[in-house]
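First the structure, in the form of structure tokens, and then the observations on it.
Whatever order the structure lists them in is the order used to number ligands and atoms, beginning at 1. Computed from a predicted model, the values in this text were never measured in an experiment.
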Amino acid sequence: MQAYTARAHTNIALLKYWGKANPQEIIPTTTSISLTLDEFYTDTTVQFDTALTEDQVILNGETLTGKSSEKVSKFLDIVRSMANISTRAYVKSTNHVPTAAGLASSASAFAALAGAASRAAGLELSLEELSRLARRGSGSASRSIYGGFVEWVRGVDDQTSFATPLVEDVDWDIQLLTVVVNDQPKKIDSRGGMQHTMATSPFYQAWVDNTNALTVPMENAIANHDFTQLGQMAEANALQMHATNTTACPPFNYLTDASWTVIQMAAQLRQEGIDVYATMDAGPNVKLISKAADTDQIQARLRQLMPDVTTVVATPGPGLQIVEGEQI
Ligand code: DP6
């Protein structure tokens, strides 16, 4: 069968997804809103081959075994059942994202896999169907089907829970300056973390209610290019999400002293008139929602506080691309 290659870019949530109403089908408790990024992406080639007795998954040149390859095979089973085939597949994936460091590599990984695997299996899915399929691999992947600002409407079941684009071509000054305070794999993955928090934090429901109440205000801030409103809501939402983790039982925390140094630096810079806000996911790295015009000043302050820290500036990026063959 023909090989297909897909490229999907990762996305960072401005309003977060942090908990599942239905863990089997990955139906979230909140509607989330994200920005797809240009600089971080995954390229994945899939070819179904009758000569294979099991799926073969190669990530960044290494053959996956155990839990990671099972997760891919389970996802491929969904594609196989949709396409009514039982053939095993060869999957080759290259991640242009620091894996498992809180830069949401599973979002681009499962969006690219959904694109390449569905086409390689002979399916011609719509973007809505691709978003629903990617969601089954990893919730945040549903949003990486589209570029720019994207909203994953939580829905109530598999048919109704998928992402839609808010603004695909972002033509105003907004960027995410990622501060890589630690690029080691995180200890508690997002799947386990959100499940534990949802089950044990007394503040969990308040976080859900607050997040869902921000859907329309966040849509408006995006439509109005209101950077300050967007940044304030995104930072508050991220901090509230992390507060559910520190109030879980037992508590856990993705944020380190270095993360807090960056979060406080953003607050200090705001006092000095620079519009910059922090958002953090299931890891210690901090993404600074900022404007290109302020990059030099932000970088200079960071260097004073943390001379060895690595930063990556990421701008709004495109949606899923799928091509025939092994090269994109
Ligand atoms: C903190 O999509 O990785 O990045 O659906 O269990 O695979 P699973 O979780 P995942 O969770 C992402 C959580 C987050 C917030 C977000 O991206 O909305």
Should you measure from each heavy atom of [X], which atoms of ligand 1 turn up under 4.0 Å away?
X: Ser140; answer: 2 (O), 3 (O), 10 (P), 17 (O)
X: Met194; answer: 9 (O), 11 (O)
X: Gly139; answer: 2 (O), 5 (O), 7 (O), 8 (P)
X: Ala13; answer: 16 (C), 17 (O), 18 (O)

*Salt-bridged, Asp77 to Arg80, with N to O below 4.0 Å?*
yes
[Y] backbone acceptor or donor facing [X] side chain under 3.5 Å:
X: Glu129; Y: Ser126; value: yes
X: Ser69; Y: Gly66; value: yes
X: Thr87; Y: Thr50; value: no
X: Ser142; Y: Ala163; value: no
X: Asn237; Y: Lys16; value: yes

*asked:* Any nitrogen or oxygen of Ser138, side chain or backbone, less than 3.5 Å from one on ligand 1?
replied: yes
*Does Glu235 have any side chain to side chain contact (heavy atoms under 4.5 Å, CB included) partners at least two apart in sequence or in another chain, and if so, which?*
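Side chain to side chain contact (heavy atoms under 4.5 Å, CB included) check on Glu235 returns Leu239, Arg270, Tyr277, Ala278.
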*Would you please determine whether Ser32 falls within less than 4.0 Å of ligand 1 on a heavy-atom basis?*
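No, Ser32 has no heavy atom closer than 4.0 Å to ligand 1.
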*Would Lys20 count as a contact of ligand 1 if the rule is a heavy atom under 4.0 Å away?*
yes
*Examine the proximity of ligand 1 to Ser106 and report which part, side chain or backbone, both or neither, has a heavy atom under 4.0 Å away.*
side chain
*Taking heavy atoms and a distance under 4.0 Å, where does Arg143 meet ligand 1: side chain, backbone, both or neither?*
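The answer is the side chain of Arg143.
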*Please work out which of Tyr17, Trp18, Trp152 has its closest non-hydrogen atom nearest to atom 15 (C) of ligand 1.*
Tyr17
